[in-house]
Amino acid sequence: MAPPLYQTVIDSIIARIAAGDLLPGGMLPSETQLALDTGVSQGTARKALMMLEQHGIVRREQGRGTFVTARTPEKSLFNFFRLRPKDGRVVSPVVASERILQRPATEEEREVLQGAPEQVTEIRRIRSLLDVPSVLETSVVSSDLFPGLERRSPLPSALYVLYQQAYGCIILHAEESMAAVLSTPDVIEALQLPGPTPLLQVDRLARDILGRTVEIRHSLYRTDELRYAIKLD
């Protein structure tokens, strides 16, 4: 079955954003111009823009036009970081330590990551909240897709902003699974735990604007004084 016509417009815009032709904050062509460029009706172009707006890729301003959504560091970080104190307030996590290394990809990583990379870059970080080591976070990305990450250390707290600004890779979706686990000796040491402690393990696959799986992330969260907060609309 052929894809709907509006998908042609969506694919064209996404490809231009991914290629850097349309930058965050930049204005898109008008509906009329998009229709001419892609060979569809103006109504079809309008529907494509509405769908892109629903997914947060663009924003439409009455009387001004349609703009690529800019992802600020604050927005990018808190869209994906959900650990909160018991009172529910938003607290900015601090990167307490960071280790970056290149290594051969595991079989699972080659199967999951875009391009089946032979080499990956592993970013291991400890994040503190309220001066307490609270998260042990390990991110794995393709060394082909993100070359030279180790030379950029120390990395910014919001990795997804770096992915976008330095590599043109816009993270749009993340899928997570969670399980309760017991801390191992190395995790006890890393998070300065008093002993074996129940932790929340969160495994994430992050996908970019092209639908490619570009990051595998495993995080271990302390929940003795913190909560993993999710808001359902």
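This structure is a prediction, so every number in the text was calculated from the model and none was measured.
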Task: Distance in Å, Ile171 CD1 paired with Tyr163 OH, rounded so as to fall on 0.5 Å steps - done: 7.0 Å
- [ ] With rounding to the nearest 0.5 Å, note down the distance linking CD1 in Ile188 to CG in Leu136.
- [x] 12.0 Å
Task: Atom pair CD (Gln119) and CZ (Arg110), whose distance is rounded to the nearest 0.5 Å - done: 10.0 Å
- [ ] Could you point out which residue of Arg127, Arg124, Arg99 forms a salt bridge (Lys or Arg N to Asp or Glu O under 4.0 Å) with Glu137?
- [x] Arg127
TODO: Give the cluster check for Tyr221 versus Leu129: same hydrophobic cluster or not, with ILVMFWY residues linked at side-chain heavy-atom distances below 4.5 Å.
DONE: yes
TODO: Could you grab the distance from atom CD of Gln42 to atom CG of Leu36, nearest 0.5 Å is fine?
DONE: 9.0 Å
Task: 4.5 Å side-chain heavy-atom contact, Thr106 and Arg103 - done: yes
Open item on the list: Looking at every heavy atom in both Val214 and Phe146, which two are closest together, and how far apart are they?
Closed with: O-CE1, 3.9 Å
Open item on the list: Counting only heavy atoms from other residues, nucleotides and ligands, does the tally under 6.0 Å from CD of Glu61 exceed 12?
Closed with: yes
- [ ] Mind checking the CD-CG spacing from Glu108 to Leu113? Nearest 0.5 Å is all I need.
- [x] 9.0 Å
Task: Among Val141, Val140, Leu159, side-chain contact (heavy atoms from CB on, under 4.5 Å) partner for Arg217 - done: Leu159
Open item on the list: Does Met51 form a side chain to side chain contact (heavy atoms under 4.5 Å, CB included) with Gln7? I'd like the steps, not just the answer.
Closed with: CA-CA 10 Å; Met51 295 189 69; Gln7 190 65 45; 5.9 Å; no
Open item on the list: If you apply the rule side chain to side chain contact (heavy atoms under 4.5 Å, CB included), what do you find for Arg152 with Leu162, and how did you get there?
Closed with: CA-CA 10 Å; Arg152 295 178 178 273; Leu162 174 67; 4.2 Å; yes
Open item on the list: Same cluster or not: Ile14 versus Leu34, using hydrophobic residues (I, L, V, M, F, W, Y) connected whenever any side-chain heavy atoms lie under 4.5 Å apart?
Closed with: yes
- [ ] Could you give me the CA-CA distance, side-chain angles and deciding distance for Glu215 and Tyr160, then say whether side-chain hydrogen bond (donor to acceptor under 3.5 Å, both in side chains) is met?
- [x] CA-CA 10 Å; Glu215 182 197 61; Tyr160 294 169; 2.5 Å; yes
TODO: Evaluate whether atom CE of Met178 has more than 12 neighbouring non-hydrogen atoms of other residues, nucleotides or ligands under 6.0 angstrom away.
DONE: yes
Open item on the list: Less than 4.5 Å apart, side chain to side chain, heavy atoms only: is that true for Ser183 and Leu220?
Closed with: no
Task: Other residues, nucleotides, ligands: >12 heavy atoms within 6.0 Å of Asp131 CG - done: no
Task: Heavy-atom check, side chain of Met50 versus side chain of Tyr6, under 4.5 Å - done: no
- [ ] Report yes if the side chains of Val68 and Leu23 come closer than 4.5 Å at any heavy-atom pair, otherwise no.
- [x] no
Task: Which atom of Thr69 lies closest to which atom of Pro24, heavy atoms considered - done: O-CB, 4.0 Å
Open item on the list: In this structure, would Ile10 and Val40 fall into the same cluster of hydrophobic residues linked by side-chain contacts under 4.5 Å?
Closed with: yes
- [ ] Flag yes if Ile100 and Leu145 sit in one hydrophobic cluster, no otherwise; membership is Ile, Leu, Val, Met, Phe, Trp, Tyr, and two members link when side-chain heavy atoms are under 4.5 Å apart.
- [x] yes
- [ ] Decide side chain to side chain contact (heavy atoms under 4.5 Å, CB included) for Thr197 and Leu182; before the verdict, give the C-alpha distance in whole Å, the side-chain angles of both, and the deciding distance to 0.1 Å.
- [x] CA-CA 6 Å; Thr197 303; Leu182 192 64; 5.7 Å; no
- [ ] Determine whether Thr38 and Leu5 make a side-chain contact, defined as any pair of heavy atoms from C-beta on separated by less than 4.5 Å.
- [x] no
- [ ] For the pair Thr121 and Ser143, evaluate side-chain hydrogen bond (donor to acceptor under 3.5 Å, both in side chains) and give the outcome as yes or no after the intermediate values.
- [x] CA-CA 5 Å; Thr121 301; Ser143 297; 2.9 Å; yes
Open item on the list: Minimum heavy-atom separation for Leu191 and Arg222, please, with both atom names.
Closed with: O-NH1, 3.5 Å
Task: Side chains of Ser153 and Glu98 in contact at under 4.5 Å (non-hydrogen atoms) - done: yes
Task: Residue pair Pro198 / Val181, side-chain heavy-atom distance below 4.5 Å - done: no
Task: Shortest non-hydrogen contact between Lys86 and Arg227, atoms and distance - done: CE-NH2, 3.4 Å
Open item on the list: So, taking the atom named CZ in Arg60 and the one named CG in Leu28, what distance separates them when rounded to the nearest 0.5 Å?
Closed with: 10.0 Å
Open item on the list: I want to check something: taking the side chain as every heavy atom from C-beta on, are Tyr167 and Pro147 in contact at a cut-off of under 4.5 Å?
Closed with: yes
Open item on the list: Looking at every non-hydrogen atom in both residues, tell me the closest pair between Val135 and Ser219 and how far apart they are.
Closed with: CG1-CB, 4.2 Å
Open item on the list: Please evaluate residues Ile216 and His218 with respect to the criterion side chain to side chain contact (heavy atoms under 4.5 Å, CB included), reporting the C-alpha separation (whole Å), side-chain torsions for both, the decisive distance (0.1 Å), and the verdict.
Closed with: CA-CA 7 Å; Ile216 300 170; His218 305 289; 3.5 Å; yes
Task: Closest non-hydrogen atom pair, Ile57 against Ile17 - done: CG2-CD1, 3.8 Å
